[in-house]
Amino acid sequence: MSLTLSMFSYLVSSVCCIMALRGLSGPNTAKGGLYFGIGGMALAIVTTLVMPGMQSFPLILLGVALGGAIGAGIAIKIEMTALPQLVAAFHSLVGLAAVMIAGAAFGNPEAYRIGEPGSIHTGSLVEMSLGVAIGAITFTGSIIAFGKLQGIIPGKPVTFKGQHFVNACLGAALLALIILLCLAQSAIVFWAIVAVALLLGVLMIIPIGGADMPVIVSMLNSYSGWAAAGIGFTLQNNLLIIVGALVGASGAILSYIMCKGMNRSFFNVILGGFGGEAAGGTAAAVSEKPVKIGSADDAAFILKNAATVVIVPGYGMAVAQAQHALREMADQLKKHGVKVRYAIHPVAGRMPGHMNVLLAEANVPYDDVLELEDINRDFALTDVAFVIGANDITNPAAKKDPASPIYGMPILDVESAGTVLFVKRSLGSGYAGIDNELFFYDNTMMLLGDAKKMCEGIIKALEHA
Amino acid sequence: MSSEQLTNQATDIAKNAAVLAQQAADFTMQVHQYVAPAGAAAPFFVTGLTVFVLACFVGYYVVWRVTPALHSPLMAVTNAISSVIIVGALIAVGLSDNASSKAMGFLAVVLASVNIFGGFIVTRRMLQMFSKKKK
């Protein structure tokens with residue numbers, strides 16, 4: 001295939017990738033978009049394989065078959081509740097692949113037409129080292145994020161003295177090494193860049209708490225895109241640059257939306273250490289107040305007699321795998337003539353859109369699920385707000401207490417509903433480590449227990465009624 | 001007209017011709033200077049950067065139109081398409097003649113394939129959930 005023709009088919013492939021994202025503007029067009037994405041990817045691979053001089057087809061086939069089998073196996077088996085960690089793990093693979101490709105290009109620049117070993121063009125070296133550094137940060141950063149989401153590494157922020165100073169030093173060292181690489185072109189310097197970036201990836205993510213993971217997962221998504229674009233500049237390939245920029249922009253926008261959902265700046269999240277330290281003296285003081293604790297039967301009675309119910313799911317629902325039981329409960333209520341809707345906070349769960357996927361898995365109708373700005377005004381007209389596994393996103397302190405770490409964060413105004421039913425395992429604080437005064441309100445009833453068991457209990461009580 | 005005058009005139013004309021030729025040569029040089037950057041000799045970096053910046057804008061507008069309910073599939077699908085770096089890995093395996101580059105390329109092909117297959121399949125599973133109860 002001539003160079004012009006292959007560049008043309010890369011262009012078609014890029015357009016397919018844009019269409020894949022474009023399709024996601026609505027649930028009806030999303031699937032069509034997905035096929036565009038698959039088609040674009042297939043075209044890119046075929047175009048590359050028919051380039052003049054390509055050899056080692058058995059080896060390539062083996063690699064694709066091996067990787068494809070592993071990837072398909074994981075993707076078919078994975079539980080929908082484990083999605084955030086799966087995505088984090090996949091990001092780490094993109095990062096490592098970018099490092100490997102840059103390494104291969106550095107060792108054999110003739111194959112990529114960017115110079116001879118030892119005399120690679122300076123421009124290519126800069127692009128290559130940026131690509132490899134971002135790739136390496138993505139790799140280890142995603143592994144740490146995966147560990148935290150999977151519970152292998154404690155979700156609490158790990159902080160030590162002088163952390164930011166060490167990170168700044170590593171960043172400066174990275175910059176110095178890139179300049180040195182352009183001057184000296186030695187393999188040692190190249191791999192030193194990789195080593196420093198790997199370390200920086202670990203240190204950047206380790207101080208960030210579990211509740212901030214939606215931002216981190218989106219940020220790493222963005223990084224994997226920038227790494228791909230960096231490799232695209234090295235290989236002088238427009239397809240990689242376009243797709244890298246698309247993915248980079250997508251991740252950046254998602255991080256922005258997540259940060260806005262928590263009313264925190266991006267740097268505030270990145271600098272980390274949030275959560276854990278705020279739970280202190282106040283905890284003992286408030287827990288003296290009386291709390292109304294109800295049973296599944298009480299909850300069933302209240303729910304059945306309501307006209308409108310809004311369900312507010314959170315990460316706890318995902319942990320307890322309660323989405324199916326919750327949907328059954330909602331079906332029972334609908335039989336009793338209750339209007340049931342769901343309210344989704346942008347940062348509920350551990351990745352953007354996490355709750356929407358789980359509710360979709362449980363067959364909750366798409367039109368019953370509403371975003372924060374669409375439903376928040378309706379809480380005042382709602383009889384019962386059913387909070388299940390969510391905490392900080394309903395905390396009125398975000399509106400009332402300027403001293404609270406979450407002050408200014410947009411919350412779901414569940415307290416203005418007639419009754420608030422709060423399903424929770426204990427009266428402890430949420431991930432941000434802040435007490436929720438909502439527990440002690442007169443119109444709040446706590447339903448202590450596992451979210452799934454509680455829903456099943458309510459279903460039973462509703463059936464008997 | 002004497003033969004001397006004729007010689008002088010001929011010399012003048014020759015001089016003028018030489019000046020004209022010089023000017024023409026200068027002009028050609030200038031034309032080359034202006035034309036060259038727009039032609040094939042342009043450094044890739046500039047073209048690449050143009051494409052990159054425009055693609056960022058396209059990404060920005062396309063992603064803002066994605067409905068929040070589909071943000072999880074968006075992440076999964078962007079993850080899958082970012083594995084288009086497999087193109088670089090294929091070149092490393094297929095065109096390299098040194099063993100270490102080939103080995104690194106092979107590893108990258110495996111990793112990117114995990115991502116392509118895994119990412120697209122997981123996206124498909126998610127989207128199926130969203131579409132099945134659309135009655």
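Lettering follows sequence order; numbering is per chain, from 1. Everything quoted here is computed from the prediction, not taken from an experiment.
Looking at B:Asp97 and A:Asn108, their side chains do bring a donor and an acceptor atom within 3.5 Å of each other. No hydrogens or angles considered: a donor-acceptor pair under 3.5 Å links the side chains of A:Tyr35 and B:Arg124.
Annotation: side chain of B:Phe117 is not in contact with side chain of A:Ile70 (no heavy-atom distance under 4.5 Å). The shortest distance between side-chain heavy atoms of A:Asn238 and B:Phe44 falls below 4.5 Å. Side-chain atoms of A:Glu361 and B:Arg125, non-hydrogen and from C-beta on, never get closer than 4.5 Å to each other. Side chains of B:His71 and A:Met351 form no contact here, defined as non-hydrogen atoms less than 4.5 Å apart.
Taking chain B as the reference chain and counting heavy-atom pairs below 4.5 Å, the highest number among A:Thr234, A:Leu49, A:Leu86, A:Ile78 is found for A:Ile78. Note on A:Ala362, A:Ser56, A:Pro352: by heavy-atom pairs under 4.5 Å with chain B, the leading option is A:Pro352. The residue among A:Gly353, A:Gly23, A:Gly68, A:Ser124 with the most heavy atom pairs within less than 4.5 Å of chain B is A:Gly68. Per-residue heavy-atom pair counts under 4.5 Å with chain B were compared for A:Ile344, A:Ile76, A:Leu66, A:Val87, and the maximum is reached by A:Ile76. Heavy-atom pairs under 4.5 Å with chain B peak, among A:Gly26, A:Ala20, A:Gly123, at A:Gly26. Of the residues considered (B:Val63, B:Val114, B:Val93, B:Leu70), B:Val114 shows the highest number of contacts with chain A, using heavy-atom pairs under 4.5 Å. Contact tally against chain A (heavy-atom pairs below 4.5 Å) for B:Val62, B:Ile121, B:Asn79: the top residue is B:Asn79. Of the listed residues (A:Leu235, A:Asn221, A:Val217, A:Leu246), the one with the most heavy-atom contacts under 4.5 Å to chain B is A:Asn221. Options B:Pro68, B:Gly94, B:Gly119 differ in how many heavy-atom pairs under 4.5 Å they form with chain A, and the most are formed by B:Gly94. Note: B:Ala69 leads B:Ala80, B:Ala92, B:Ala69 in heavy-atom pairs under 4.5 Å with chain A. Interface remark: of the candidates B:Gly105, B:Ala108, B:Ala103, B:Ala108 forms the most heavy-atom pairs closer than 4.5 Å to chain A. Most heavy-atom pairs under 4.5 Å with chain A: of the set B:Val77, B:Ile116, B:Leu95, B:Val109, this distinction falls to B:Leu95.
With a 4.5 angstrom heavy-atom cutoff, B:Tyr60 touches chain A via backbone and side-chain atoms both. Both the backbone and the side chain of B:Ile81 have a heavy atom closer than 4.5 Å to some heavy atom of chain A. Only the side chain of A:Met41 comes within contact range of chain B, with at least one heavy atom under 4.5 Å from a heavy atom of that chain. For A:Leu254, the part lying under 4.5 angstrom from a heavy atom of chain B is the side chain only. Neither the backbone nor the side chain of A:Phe106 has a heavy atom closer than 4.5 Å to any heavy atom of chain B. B:Ser100 does not touch chain A: none of its heavy atoms, backbone or side chain, sits under 4.5 Å away. Within the 4.5 angstrom heavy-atom criterion, atoms from both the backbone and the side chain of A:Ser218 approach chain B. For A:Val369, no part lies near chain B; criterion is any non-hydrogen pair under 4.5 Å. With a threshold of 4.5 angstrom between heavy atoms, A:Thr48 approaches chain B through side-chain atoms but not through N, CA, C or O. Of the atoms belonging to A:Asn237, heavy atoms from both backbone and side chain fall under 4.5 Å from chain B. At a 4.5 Å heavy-atom cutoff, the contact between A:Ala98 and chain B is made by backbone and side-chain atoms alike. Proximity to chain A (any heavy atom under 4.5 Å) is shown, for B:Leu49, by both the backbone and the side chain. Heavy atoms of A:Glu371 lying under 4.5 Å from chain B belong exclusively to its side chain. The contact between B:Leu74 and chain A is made by backbone and side chain atoms together, counting heavy-atom distances below 4.5 Å. Contacts between A:Glu127 and chain B at a heavy-atom distance below 4.5 Å involve the side chain alone, from C-beta outward.
Of all heavy-atom pairs between B:Ser101 and A:Ala104, the closest is OG-O, 3.0 Å. Of all non-hydrogen atoms in A:Ala97 and B:Leu111, the two that sit nearest each other are N-CD1, 3.8 Å. Between A:Phe233 and B:Phe45 the shortest heavy-atom distance is CE2-O, 4.1 Å. Minimum interatomic distance between A:Ala249 and B:Cys56 (heavy atoms only, all atoms of both residues): CB-O, 4.0 Å. For the pair A:His354 and B:Ser72, the tightest heavy-atom approach, listed with the atom from each and the gap, is N-OG, 3.4 Å. Minimum interatomic distance between A:Ile241 and B:Val51 (heavy atoms only, all atoms of both residues): CG2-CG1, 4.3 Å.
Other residues, nucleotides and ligands contribute at most 12 non-hydrogen atoms within 6.0 Å of the CD atom of B:Glu4. By the neighbour-count criterion of 12 heavy atoms within 6.0 Å, atom OH of A:Tyr256 is sparsely surrounded, having that number or fewer from other residues, nucleotides or ligands. Heavy atoms from other residues, nucleotides or ligands lying under 6.0 Å from CZ of B:Phe106 number more than 12.
Rounding to the nearest 0.5 angstrom, the gap separating the CD1 atom in B:Ile91 from the CE atom in A:Met51 is 4.5 Å. Note: A:Asn356 CG to B:Met126 CE = 11.5 Å, rounded to the nearest 0.5 Å.
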query: Could you go step by step and tell me if B:Val84 and A:Leu240 meet the side chain to side chain contact (heavy atoms under 4.5 Å, CB included) rule?
result: CA-CA 7 Å; B:Val84 72; A:Leu240 264 63; 4.3 Å; yes
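Judged by distance alone, with hydrogens and angles left aside, the side-chain atoms of B:Asn98 form a donor-acceptor pair with the main-chain N or O of A:Gly107 at under 3.5 Å.
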